[in-house]
2 protein chains.
Amino acid sequence: MATTLSPLAPASFPTLPPIAGVRIATANSGIRYKGRDDLLLAVLDPGTSVAGVLTRSLTCSAPVIWCRDSLPKGSARAVVVNAGNANAFTGKAGDATVQATVDAAAELAGCAPDEVYIASTGVIGIPLAADAIGKCLAPMVPTLAADSAAWEKAARAIMTTDTFPKGSVRTARIGGTTVTIAGFAKGSGMIAPDMATMLGFVFTDAAIAATALQDMLSEFTERTFNAVTVDGDTSTSDTLLLFATGKAGNAPVSSADAAELAEFRAALEDLLLDLALQVVRDGEGATKFIAITVRGADSDAAAKRIGMTVANSPLVKTAIAGEDANWGRIVAAIGRAGERADRDLIRITVGGTLICAEGMEVPGYDETPVTAHMKGKEVDIDIDLGLGKGTAKVWTCDLTHGYIDINGSYRS
Amino acid sequence: MATTLSPLAPASFPTLPPIAGVRIATANSGIRYKGRDDLLLAVLDPGTSVAGVLTRSLTCSAPVIWCRDSLPKGSARAVVVNAGNANAFTGKAGDATVQATVDAAAELAGCAPDEVYIASTGVIGIPLAADAIGKCLAPMVPTLAADSAAWEKAARAIMTTDTFPKGSVRTARIGGTTVTIAGFAKGSGMIAPDMATMLGFVFTDAAIAATALQDMLSEFTERTFNAVTVDGDTSTSDTLLLFATGKAGNAPVSSADAAELAEFRAALEDLLLDLALQVVRDGEGATKFIAITVRGADSDAAAKRIGMTVANSPLVKTAIAGEDANWGRIVAAIGRAGERADRDLIRITVGGTLICAEGMEVPGYDETPVTAHMKGKEVDIDIDLGLGKGTAKVWTCDLTHGYIDINGSYRS
């Protein structure tokens with residue numbers, strides 16, 4: 001497993017402030033990793049609402065099934081997350097492990113089982129003993145904390161092949177009251193979220209009803225976590241949860257469309273995008289961060305499908321890894337995306353340099369500035385289909401020897 | 001560019017016999033490659049019928065457009081193929097180059113322009129001078145030949161990142177007359193044919209009408225060239241052409257369903273599969289040949305979509321490269337394929353060993369034989385969805401450092 005820090009990592013983990021009503025503890029479970037925390041327990045005060053988006057994978061994990069069944073209640077009191085074993089494709093035994101974990105957490109938090117949220121990440125198909133997690137929880141309760149060190153430890157405890165912990169914080173005013181949103185995520189490979197990254201957890205002290213939280217989360221996920229890809233492999237465990245403790249003191253908001261949520265909505269989407277892009281920056285083996293803008297498509301959905309096809313093209317990703325301005329591979333990916341395209345209308349711009357138009361290289365095309373752009377850590381690709389008004393932005397990373405190294409021996 | 005022979009290469013190029021009515025010559029065009037032939041001219045006797053399947057890419061090459069427009073006529077007298085420049089995304093200039101090439105070939109062959117078939121493979125988006133190919137053709141005419149050396153030279157002349165030439169031959173009886181089918185193909189990367197490999201050319205001396213040829217080719221392509229993938233990147237230039245000179249002396253056949261074609265149909269499909277699998281065996285960087293059988297799906301189409309999703313999964317492919325029996329990645333790929341799946345009914349067998357059933361590892365699962373199987377060059381994966389009667393077989397190769405090496409610097 002690669003342990004070298006991603007060259008695209010941010011300088012440091014941000015300082016996340018306490019969120020009233022949220023306390024966090026981490027520990028080592030002994031399940032897979034040695035010498036590091038791999039278990040997270042968060043306890044939430046009564047009155048916390050919750051929203052979530054979960055993998056649409058049809059072979060999803062036992063924890064995902066649990067969360068999906070619990071979300072309609074919209075109330076949360078505890079979160080348990082482990083890294084190293086995904087508890088996916090573990091059959092009825094896996095379901096029993098979830099039940100035992102949830103029961104243990106519910107007893108400690110003094111809540112109903114369906115107020116406990118659970119997520120697991122790691123290897124698929126390895127049985128996980130029923131008490132493997134539950135027995136670890138009681139000793140964690142005395143260490144529950146809300147300071148910035150606790151947040152960073154939480155972000156680290158859920159890492160697998162990640163090379164850095166991913167956190168983000170924003171503030172917003174709701175009707176004159178300042179609320180805070182803090183979140184963390186993990187993800188590096190098996191990243192083509194079909195609703196969320198591997199795992200993401202966001203907490204706010206705002207008072208917002210679960211249904212309103214859910215509306216916002218579903219809407220923003222499409223443009224954030226669902227707009228990034230590392231390798232096109234959607235995980236069995238993707239889970240993004242948003243908790244609102246209601247401790248900030250704002251007048252409770254019940255609709256995602258309420259005028260007083262305007263600033264909060266912007267802050268939440270911005271935070272989700274920040275976390276999602278940190279996942280891309282930690283893409284397995286990544287050396288380049290790639291932003292792809294598609295415009296002029298038949299629809300936003302068509303633009304996104306084309307953007308994701310380019311973003312998942314092994315040939316585009318290896319060319320960028322090799323700093324090779326081989327734009328013909330972008331053309332090929334557009335052509336196979338399954339959406340309408342007209343060769344003679346496509347305009348491709350890389351790093352601000354228009355490369356092709358009217359079905360061929362622009363007259364006098366000079367590759368020099370494009371090659372120079374590709375030597376940097378951030379590569380911008382702009383695709384104008386010239387057909388309609390559909391637009392999308394997606395983000396990915398390059399495909400390198402590092403990806404092969406990491407994934408040829410992930411389990412070892 | 002990698003020049004090491006693929007470890008999955010066959011021992012030698014097969015001996016292809018003359019096909020009456022087909023003569024072949026090769027030359028160096030000077031377009032891109034030095035010190036090797038990169039241009040193929042085949043001249044066909046009058047009366048030759050033709051069928052073809054072409055890329056469905058919406059950014060297809062100028063030669064593909066030409067062939068698509070000519071196929072309805074069903075008659076062929078010449079074939080021109082160059083390697084090194086795909087003449088794709090070259091605008092109106094690219095169309096003019098095709099026209100100039102076709103005109104030159106038609107004059108030499110004494111035929112109409114729409115009886116000339118043309119294919120180009122190589123880098124996308126690089127202008128190709130109008131006379132670059134056409135001016136090379138006349139000197140090739142005196143060297144036209146029909147012997148086995150000519151076939152092998154033809155198969156070599158159309159290679160790009162291929163590490164070995166790909167040929168195949170079959171015989172069949174039609175109404176008591178023995179006919180021969182000989183073909184060659186190229187392809188190594190940008191292989192996820194959406195109707196054909198990069199390039200494939202098949203010739204027979206049988207007398208079969210173009211419509212009957214087309215029916216057979218379209219049907220068999222779905223189970224052969226369209227059932228293999230190297231990297232999921234469909235090419236702009238995929239072209240598979242089938243020519244029948246009618247010189248064998250069988251009574252002409254006008255329907256693909258004619259009883260006397262039974263043996264020919266089997267031979268043709270077998271030959272197409274042989275060529276398609278040789279493309280997989282020469283997949284860029286490949287060290288393992290992977291056969292995936294999907295059964296028990298809702299439909300054949302669902303089975304194929306699931307098989308191709310597994311075959312294109314970077315995580316499955318890197319795990320196999322690393323000889324890691326990480327079957328959870330197969331589960332994850334099934335789950336995101338977009339077809340119906342029920343976790344608790346899926347049965348996955350690798351190398352004859354049943355790994356999982358009823359939603360989890362089978363009791364007492366011993367990984368030893370699976371790991372041993374994965375150390376070989378051929379990996380067999382069998383997926384039973386337990387839902388219906390849909391089946392499909394697809395083939396791919398592993399994803400290795402070699403693929404990254406080749407594609408980080410393909411143009412250099």
Side-chain angles (χ1 to χ4, degrees), chain A residues 55-60 86 88-94 123-127 189-190 192 194 231-236 312-315 318-319 321-322 324 326-329 331-336 340-344 346 356 358-361 399-401 403-404 407-412, chain B residues 55-60 86 88-94 123-127 189-190 192 194 231-236 312-315 318-319 321-322 324 326-329 331-336 340-344 346 356 358-361 399-401 403-404 407-412:
Chain A
T55 186
R56 282 193 283 251
S57 168
L58 295 172
T59 54
C60 68
F89 225 78
T90 44
K92 296 194 193 331
V123 183
I124 296 166
I126 306 293
M190 203 175 268
D194 197 11
D231 51 14
D233 266 320
T234 301
S235 159
T236 55
N312 279 320
S313 161
L315 289 171
T318 49
D324 181 8
N326 191 344
W327 59 274
R329 294 179 178 176
V331 170
I334 294 168
R336 71 175 167 87
R340 194 161 72 95
D342 180 331
R343 185 191 71 179
D344 295 341
I346 298 170
C356 68
E358 297 179 17
M360 59 187 299
E361 274 185 1
L399 174 57
T400 69
H401 289 297
Y403 185 88
I404 309 285
N407 286 303
S409 61
Y410 171 52
R411 299 190 313 164
S412 56
Chain B
T55 184
R56 282 193 282 252
S57 168
L58 295 173
T59 55
C60 69
F89 225 77
T90 44
K92 295 194 193 331
V123 183
I124 296 166
I126 306 293
M190 204 175 267
D194 197 12
D231 51 15
D233 267 319
T234 301
S235 160
T236 54
N312 278 320
S313 161
L315 289 170
T318 49
D324 181 9
N326 191 346
W327 59 274
R329 294 182 179 175
V331 169
I334 296 168
R336 71 175 167 88
R340 194 161 71 96
D342 180 332
R343 185 190 72 181
D344 295 342
I346 297 169
C356 68
E358 297 179 17
M360 59 187 297
E361 274 184 2
L399 174 58
T400 69
H401 289 298
Y403 184 87
I404 308 284
N407 287 303
S409 61
Y410 170 51
R411 299 190 313 165
S412 56

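Per chain, numbering begins at 1; letters A, B, ... match sequence-line order. Atoms considered below: every heavy atom in the structure, side chains included; atoms not considered: hydrogens, waters and symmetry mates. Keep in mind the model is a prediction, meaning the values are calculated, not measured.
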Partner set under side chain to side chain contact (heavy atoms under 4.5 Å, CB included) for A:Ser313, not counting sequence neighbours: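 Applying side chain to side chain contact (heavy atoms under 4.5 Å, CB included) to A:Ser313 gives A:Leu315, A:Val316, A:Ala333, A:Arg336, B:Asp233.
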Do A:Phe89 and B:Glu361 make a side-chain contact, defined as non-hydrogen atoms from C-beta onward lying under 4.5 Å apart?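 A:Phe89 vs B:Glu361: side chains apart.
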Is the closest side-chain heavy-atom distance between A:Thr90 and A:Ile126 below 4.5 Å? no
Reported OH-to-NE2 distance for the pair A:Tyr403 and B:His401, which is rounded to 0.5 angstrom: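 If I round to the nearest 0.5 Å, the distance is 12.5 Å.
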For chain A, find which of B:Ile124, B:Asp344, B:Thr400, B:Val331 contributes the most heavy-atom pairs closer than 4.5 angstrom. B:Val331
Between chain A and each of B:Ile404, B:Leu58, B:Leu399, count heavy-atom pairs under 4.5 Å; write down the option with the most. B:Ile404
In terms of heavy-atom pairs under 4.5 Å with chain B, which of A:Pro314, A:Cys356, A:Ala332 leads?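 Looking at each option in turn, the highest pair count goes to A:Pro314.
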Is chain B contacted by the side chain of A:Ala321, its backbone, both, or neither, given a heavy-atom distance below 4.5 Å?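 No part of A:Ala321 comes within 4.5 Å of chain B.
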